[in-house]
Amino acid sequence: MHPLVPWFAATARDLPWRRPETTPWGVLVSEFMLQQTPVARVEPVWLRWMADWPVPSALAAASRADVLRAWGKLGYPRRALRLHQAAAVIATEHTDVVPSDVDVLESLPGVGSYTARAVAAFGYGKRCPVVDTNVRRVVARAVHGRGDAGPARARADLADVEALLPPDEPTAATLSAALMELGAVVCTARSPRCEVCPLRAGCAWQNAGRPEYTGPRKAPQAFAGTDRQVRGRLLDVLRGAAAPVEKAALDAAWSDAAQRDRCLDSLLVDGLAEQLDDGRFALPA
DNA sequence: AATTCGTGGGC
DNA sequence: TGCCCAAGAAT
């Protein structure tokens with residue numbers, strides 16, 4: 001796996017959260033935004049976010065409405081709320097310093113196994129296996145000779161990557177980033193660019209003749225007509241409104257009244273919206 | 001362990 | 001065009 005280190009040094013994308021001046025807080029923010037959202041859409045939002053809220057306590061002091069507006073259309077807006085909550089915990093319980101310990105990180109709202117390890121590795125240069133969908137695919141192919149990663153197996157996946165990391169901490173951290181980069185730009189899910197892959201010579205999948213993936217397929221995720229779409233429509237109305245809106249404005253966003261009301265209620269429960277005393281609706285203060 | 005949770009671009 | 005996918009987490 002060592003060929004990945006010089007390859008990464010030579011070809012890595014110049015992403016703003018990878019620049020040397022980026023703080024662990026900047027890394028944490030980027031990882032929240034990158035959960036299920038492509039790099040290209042995250043970049044401009046991250047830049048403005050860090051300018052507005054350069055430290056956790058600054059974000060913690062902002063209103064949820066401001067946070068949700070800044071999050072914009074990145075999707076899964078509950079992530080924005082969890083980041084807001086995590087910032088408050090960091091500010092009040094960790095003296096405004098992002099934790100470097102994986103277990104402490106994982107205790108923060110919205111921080112799971114991947115994000116905790118990414119912050120430890122990319123924010124603090126630790127030797128720490130980082131397993132995301134890209135890394136699982138690279139390991140499945142290069143190490144196991146399978147066309148794709150099957151269902152996640154947390155412990156086994158971590159052990160696979162742990163075995164690849166060199167002893168040297170900064171080199172291990174760089175390799176972690178390189179594995180993700182390879183999966184993102186070369187060893188992609190569809191149409192992998194094996195011709196330019198630095199691992200080609202030793203890749204188990206390549207050497208096996210690139211057999212097709214045979215394992216279980218993940219169930220395709222419907223979107224049109226789901227609550228997820230309706231919630232998105234409703235929240236888009238609230239995000240775009242300069243003042244609280246009447247219910248009629250939300251009614252116009254989706255025709256099925258029962259589904260619409262159920263989704264509005266779920267937004268209230270999630271803290272993504274609130275109803276004022278006069279009956280109007282708005283992003284939460 | 002299987003579902004739910006947004007949004008949009010690429011093929 | 002419709003389908004698949006994108007640096008996951010919580011339940």
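Values below: all heavy atoms of this structure, side chains included; hydrogens, waters and symmetry mates excluded. Convention: sequence-line order gives letters A, B, ...; per-chain numbering from 1.
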Review point. Looking at A/Arg48 and A/Glu43, does any basic side-chain N land under 4.0 Å from a carboxylate oxygen?
Key: no
**Study point:** Salt bridge A/Lys247-A/Asp261, side-chain N to carboxylate O under 4.0 Å
**Key:** yes
Looking for any heavy atom pair under 4.0 Å, which part of the strands does [X] touch: base, sugar-phosphate only, or nothing?
| X | answer |
| --- | --- |
| A/Leu267 | nothing |
| A/Phe223 | base |
| A/Trp71 | nothing |
| A/Leu235 | nothing |
| A/Arg239 | sugar-phosphate |

Study note, to complete from the structure: A/Trp254 meets the ring-ring contact (aromatic ring centres under 6.0 Å, His included) criterion, sequence neighbours left out, with none
Nucleotide [N], atom [atom2] - distance to [atom1] of [X] in whole Å:
| X | N | atom1 | atom2 | value |
| --- | --- | --- | --- | --- |
| A/Leu238 | B/dG6 | CG | P | 13 Å |
| A/Asp265 | B/dT4 | CG | P | 18 Å |
| A/Leu182 | C/dA7 | CG | P | 12 Å |
| A/Phe122 | C/dA7 | CZ | P | 12 Å |
| A/Glu31 | C/dG8 | CD | P | 9 Å |
| A/Leu74 | B/dG9 | CG | P | 13 Å |
| A/Arg13 | C/dA7 | CZ | P | 8 Å |
| A/Leu28 | C/dG8 | CG | C1' | 13 Å |

**Study point:** Nearest-0.5 Å distance, CZ of residue A/Arg136 to CG of residue A/Asp157
**Key:** 5.0 Å
Quick one: do the [X] and [Y] side chains pair a donor with an acceptor below 3.5 Å?
| X | Y | answer |
| --- | --- | --- |
| A/Ser266 | A/Arg231 | yes |
| A/Glu31 | A/Tyr114 | yes |
| A/Arg79 | A/Thr37 | yes |
| A/Gln221 | A/Arg228 | yes |
| A/Ser113 | A/Glu106 | no |

Check your understanding: So does A/Lys73 get a side-chain nitrogen or oxygen closer than 4.0 Å to the phosphate oxygens (OP1/OP2) of B/dG8?
Key -> yes
Check your understanding: When clusters are formed by joining ILVMFWY residues with side-chain heavy atoms under 4.5 Å apart, either directly or through shared neighbours, do A/Leu175 and A/Val186 land in the same one?
Key -> yes
Can you tabulate the close N/O pairs, meaning under 3.5 Å, that link protein atoms to atoms of nucleotides 9-11 of chain C?
unit_1	atom_1	unit_2	atom_2	d
C/dA9	OP1	A/Gly112	N	3.0
C/dA9	OP1	A/Thr115	N	2.9
C/dA9	OP1	A/Thr115	OG1	2.7
C/dA9	OP2	A/Tyr114	N	3.3
C/dA10	OP1	A/Gly110	N	2.7

Between the protein and nucleotides 3-6 of chain C, which nitrogen or oxygen pairs are less than 3.5 angstrom apart?
unit_1	atom_1	unit_2	atom_2	d
C/dC4	O2	A/Arg190	NH1	3.4
C/dA6	OP1	A/Arg137	NH1	3.2

Point to revise | Closest-nucleotide 5' rank along DNA chain B - winner of A/Arg79 and A/Ser191 | key: A/Arg79
Point to revise | Inter-nucleotide P distance (C/dA7, B/dC11), Å rounded | key: 15 Å
